[in-house]
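Order of the sequence lines fixes the chain letters, A, B, ..., with proteins taken first and strands second; residue numbering starts at 1 for each chain.
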There are 2 protein chains.
Amino acid sequence: MNIQQRATLDDVARLANVSPKTVSRVFTQRDLVSAATVERVLAAAKRLKFRPNSVARNLRGGASSTVGLIIGEMLNPFYSRVATGLEKVLSEHGKTLIVATTDDTAEGEERVADTLLSQRVSALLMIPVGEDQSYLEGERQLGSPVIAIDRPARNLVADSVVMENRNGAFEATRSLMEHGHRKIAYICNPANVYTQVERLRGYREALAGTGKAAATPWERLIDDPAIDPVHVVSELLDIADPPTAIIAGNNRMCVGVLRALHGKDNPPALIGFDDFDTADILGVSVVSHDAMEMGRRAGELAMERIADPTGFTQQLVLPTRLILRGSGERPPLAS
Amino acid sequence: MNIQQRATLDDVARLANVSPKTVSRVFTQRDLVSAATVERVLAAAKRLKFRPNSVARNLRGGASSTVGLIIGEMLNPFYSRVATGLEKVLSEHGKTLIVATTDDTAEGEERVADTLLSQRVSALLMIPVGEDQSYLEGERQLGSPVIAIDRPARNLVADSVVMENRNGAFEATRSLMEHGHRKIAYICNPANVYTQVERLRGYREALAGTGKAAATPWERLIDDPAIDPVHVVSELLDIADPPTAIIAGNNRMCVGVLRALHGKDNPPALIGFDDFDTADILGVSVVSHDAMEMGRRAGELAMERIADPTGFTQQLVLPTRLILRGSGERPPLAS
DNA sequence: TTGAAAGCGGTACCAA
DNA sequence: TTGGTACCGCTTTCAA
């Protein structure tokens with residue numbers, strides 16, 4: 001096998017006996033070139049295995065054909081659904097998706113943002129992790145739109161797509177209350193992020209009724225990825241006045257709770273946040289939201305902002321939906 | 001908000017009163033520049049919010065800092081685990097990952113391969129879908145290594161990372177036989193792909209014992225994404241001589257079978273291929289393999305091939321492991 | 001240690 | 001309909 005040289009516009013031009021510019025036209029504005037020339041050029045291109053270099057192409061215009069997405073990790077189905085929705089939109093617009101992950105750390109976020117911006121992505125989409133995205137302010141002014149997904153960016157002017165966290169949690173809590181529960185737990189990890197803060201608020205408001213929303217004895221707000229949900233749940237159920245129902249703050253936590261409750265005789269009611277693949281089989285009630293739709297909307301927002309960087313920034317709020325499948329309708333144990 | 005111009009090397013050079021080349025050195029071979037100059041340049045760069053353009057940088061060398069990955073879809077946890085492992089390796093090498101999806105169609109594959117190659121990815125990794133990847137042969141000769149993951153490429157010289165499909169299926173079948181099963185079904189969709197062909201072979205060989213491996217009455221080899229697994233399973237269990245055990249060819253099919261068996265009184269034994277998130281909770285026995293490891297190995301292979309495009313191509317085979325969690329140990333119904 | 005000039009693979013502008 | 005020329009942002013010679 002011999003490594004050949006990759007053919008360039010000039011090579012094709014020479015072989016086809018036209019100017020490089022004409023070759024360029026054939027690949028971009030074909031209708032401006034006579035049919036005969038087009039044919040000749042294409043033949044030459046094929047013979048030389050020529051393929052336009054979109055990198056060089058974009059060097060001129062400034063705007064590249066890539067869009068960057070920063071997420072915590074691809075294993076999380078929530079993240080990958082967002083990526084899926086986004087990729088769909090991008091491919092419709094002839095853009096490709098560069099995915100970078102941060103392992104859910106703020107340092108990682110800044111590092112990969114830097115890398116992506118060096119690649120001159122035409123927009124930077126992200127599910128923010130850090131407490132502060134002000135480091136991107138300069139970029140935005142330089143014309144790289146930033147779109148925050150799932151959580152708004154902080155200290156940065158950016159469009160965002162979020163969902164009705166508070167209301168989702170409110171409705172889940174109310175539903176549990178309607179089934180007779182009063183001692184309802186809320187467990188999440190991490191806790192110190194926008195989505196959890198909002199959900200917690202909805203949970204507290206529902207429990208407070210018309211009173212003043214306040215912390216409850218059944219909240220477990222954890223901020224340590226190393227902590228095993230199973231342990232937390234077991235401990236929670238062993239306290240003096242244990243909850244009769246649990247709301248799990250996200251999909252990971254929900255699966256953890258399921259694992260903890262597995263085999264238990266009279267499990268508390270359970271409602272999770274985020275739907276997941278086998279939730280129907282396991283009969284798990286969840287507050288569902290359309291993560292793919294979030295990705296899609298974020299992508300559209302990005303396209304919009306690329307076309308008009310000066311427009312007003314928007315915040316899109318997508319609805320949530322309570323899906324009852326059994327685990328959320330279990331009544332409290334008669335005591 | 002005013003959109004400014006993005007600063008270039010030259011702008012920085014002008015402000016720092018040095019030549020562009022010196023600025024370039026500061027960002028690439030800093031030790032060749034005097035400390036005082038470095039400082040001056042960095043100050044100027046900071047003031048102008050300069051960020052080196054890695055696209056322009058790579059234009060010269062030919063090799064870009066991106067690697068392309070073509071997968072069917074990101075929603076499939078198997079694919080996203082592969083992507084995760086790959087991304088880890090790439091980020092260690094300072095490369096970024098461009099992900100493109102094909103919706104598991106051959107046309108999609110060729111289309112996105114074209115897009116990625118136009119971006120001059122330094123390597124093209126893919127989980128092949130189409131029957132034929134010969135359309136990439138030219139590229140390989142042009143120096144773009146191709147690495148096939150999960151299934152070998154066809155009609156193309158390419159490295160690949162696959163797993164012990166045949167043996168995995170063989171062991172699963174043997175395990176079921178040891179639990180007393182003789183009428184064992186194999187269900188998959190799609191069926192006409194390398195992995196399934198191999199697994200089917202392992203299944204048949206186990207059933208044949210020392211005899212000649214042949215098709216069994218309990219095979220359901222489907223090739224239509226629109227067909228509902230639930231339906232197939234129900235039908236299979238209604239035949240005159242129904243199976244007492246089922247092997248599901250992949251994670252999707254396994255969840256489908258679970259759904260179909262859900263609520264059934266005396267469900268057949270079940271072993272799935274590919275582990276999944278809640279398999280432990282559901283007590284599902286599976287043939288497990290490390291998809292992240294596949295991605296990782298594929299990434300390493302890519303780095304190797306980028307460094308030395310003329311080396312021998314390799315095929316890596318990763319092991320599988322049978323995990324028994326209950327569903328695979330159910331004995332056949334006494335009849 | 002620093003700089004000048006050419007060029008990477010294309011495109012935009014203007015002219016023919 | 002086609003071509004010439006400059007230039008995108010940076011790096012690579014080679015010299016100073």
Side-chain angles (χ1 to χ4, degrees), chain A residues 4-42 44-45 48-66 94 117-122 142-144, chain B residues 4-42 44-45 48-66 115 117-122 142-144:
Chain A
Q4 316 164 18
Q5 204 54 59
R6 205 180 279 280
T8 71
L9 259 189
D10 291 21
D11 298 328
V12 177
R14 219 167 299 131
L15 183 60
N17 244 316
V18 293
S19 80
K21 176 66 218 188
T22 299
V23 178
S24 168
R25 284 205 187 88
V26 169
F27 284 94
T28 48
Q29 329 169 58
R30 189 161 302 178
D31 41 320
L32 294 184
V33 183
S34 74
T37 311
V38 168
E39 200 172 338
R40 204 143 39 88
V41 169
L42 287 181
L48 296 175
K49 288 175 185 158
F50 170 75
R51 184 191 304 277
N53 182 335
S54 73
V55 174
R57 174 131 75 197
N58 292 137
L59 187 55
R60 195 89 215 280
S64 84
S65 61
T66 57
L117 289 167
S118 285
Q119 310 245 30
R120 295 295 188 267
V121 290
S122 57
L142 258 31
S144 298
Chain B
Q4 317 163 17
Q5 202 54 59
R6 205 180 278 278
T8 71
L9 258 189
D10 291 26
D11 298 327
V12 178
R14 222 167 297 131
L15 183 60
N17 243 315
V18 294
S19 80
K21 175 64 221 188
T22 300
V23 178
S24 168
R25 283 203 188 91
V26 169
F27 284 96
T28 48
Q29 328 170 60
R30 189 161 302 179
D31 42 319
L32 294 185
V33 183
S34 75
T37 312
V38 168
E39 201 173 333
R40 204 143 39 87
V41 168
L42 287 181
L48 296 176
K49 289 174 184 158
F50 170 76
R51 184 192 303 278
N53 182 334
S54 74
V55 174
R57 175 131 74 197
N58 293 136
L59 186 55
R60 197 86 212 278
S64 83
S65 60
T66 57
T115 308
L117 289 167
S118 285
Q119 311 246 28
R120 295 298 189 266
V121 290
S122 57
L142 258 31
S144 299

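Side-chain atoms of Thr66(B) and Asn58(B), non-hydrogen and from C-beta on, never get closer than 4.5 Å to each other. Between Arg6(A) and Ser144(B), the closest side-chain pair of non-hydrogen atoms falls below 4.5 Å. Using a 4.5 Å heavy-atom threshold, the side chains of Ser64(A) and Gln119(A) count as separate.
Judged purely by distance below 3.5 Å, without hydrogens or angles, the side chains of Thr22(B) and Ser19(B) pair a donor atom with an acceptor atom.
For Arg51(A) and dC8(C), the CZ to P distance is 21 Å, given to the nearest whole Å. Computed from coordinates, the Asn17(B) CG to dG3(C) C1' distance equals 13 Å when rounded to whole Å. Between the CZ atom of Arg40(B) and the C1' atom of dT1(C) there is a distance of 12 Å, given to the nearest Å. To the nearest angstrom, P of dT5(D) lies 14 Å from CG of Asp10(A). The CG atom of Asn58(B) sits 15 Å away from the C1' atom of dC8(D) (whole-angstrom rounding). In this structure, the CZ atom of Arg6(B) is 15 Å from the P atom of dC8(D), given to the nearest Å. Rounded to whole Å, the distance from CG on Leu59(B) to P on dA6(C) is 18 Å. Residue Arg14(B) contributes atom CZ, which lies 15 Å from atom C1' of dG3(C) at whole-angstrom precision.
Comparing dG10(C), dG9(D), dC10(D) by their nearest atom to the side chain of Leu9(B) picks out dC10(D).
Here ring pair (Phe, Tyr, Trp, His ring centres under 6.0 Å) pairs that include residues 12-35 of chain B, with residues two or more places apart or in two chains, are Phe27(B)-Phe50(B). Every pair passing side-chain hydrogen bond (donor to acceptor under 3.5 Å, both in side chains) that includes a residue from residues 27-37 of chain A is listed here, sequence neighbours excluded: Ser34(A)-Thr37(A).
With sequence neighbours left out, the salt bridge (charged side-chain N to carboxylate O under 4.0 Å, His left out) criterion links Arg51(A) to Asp114(B), Glu139(B).
Contacts of residues 18-39 of chain A with DNA chain C (heavy atom under 4.0 Å): Lys21(A), Ser24(A), Thr28(A).
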Side-chain donor/acceptor pairs under 3.5 Å, residues 7-18 of chain B, sequence neighbours excluded:
unit_1, atom_1, unit_2, atom_2, d
Thr8(B), OG1, Asp10(B), N, 3.2
Thr8(B), OG1, Asp11(B), N, 3.4
Thr8(B), OG1, Asp11(B), OD2, 3.4
Asp11(B), OD1, Arg14(B), NH1, 3.3
Asp11(B), OD2, Thr8(B), N, 2.8

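Rounded to 10 degrees, the angle separating the terminal axes of the helix from dT1(C)-dA16(D) to dA16(C)-dT1(D) is 30°, with each axis obtained from five end pairs.
The two residues Arg25(A) and Leu32(A) come nearest to each other via the heavy atoms CD-CB, 4.3 Å.
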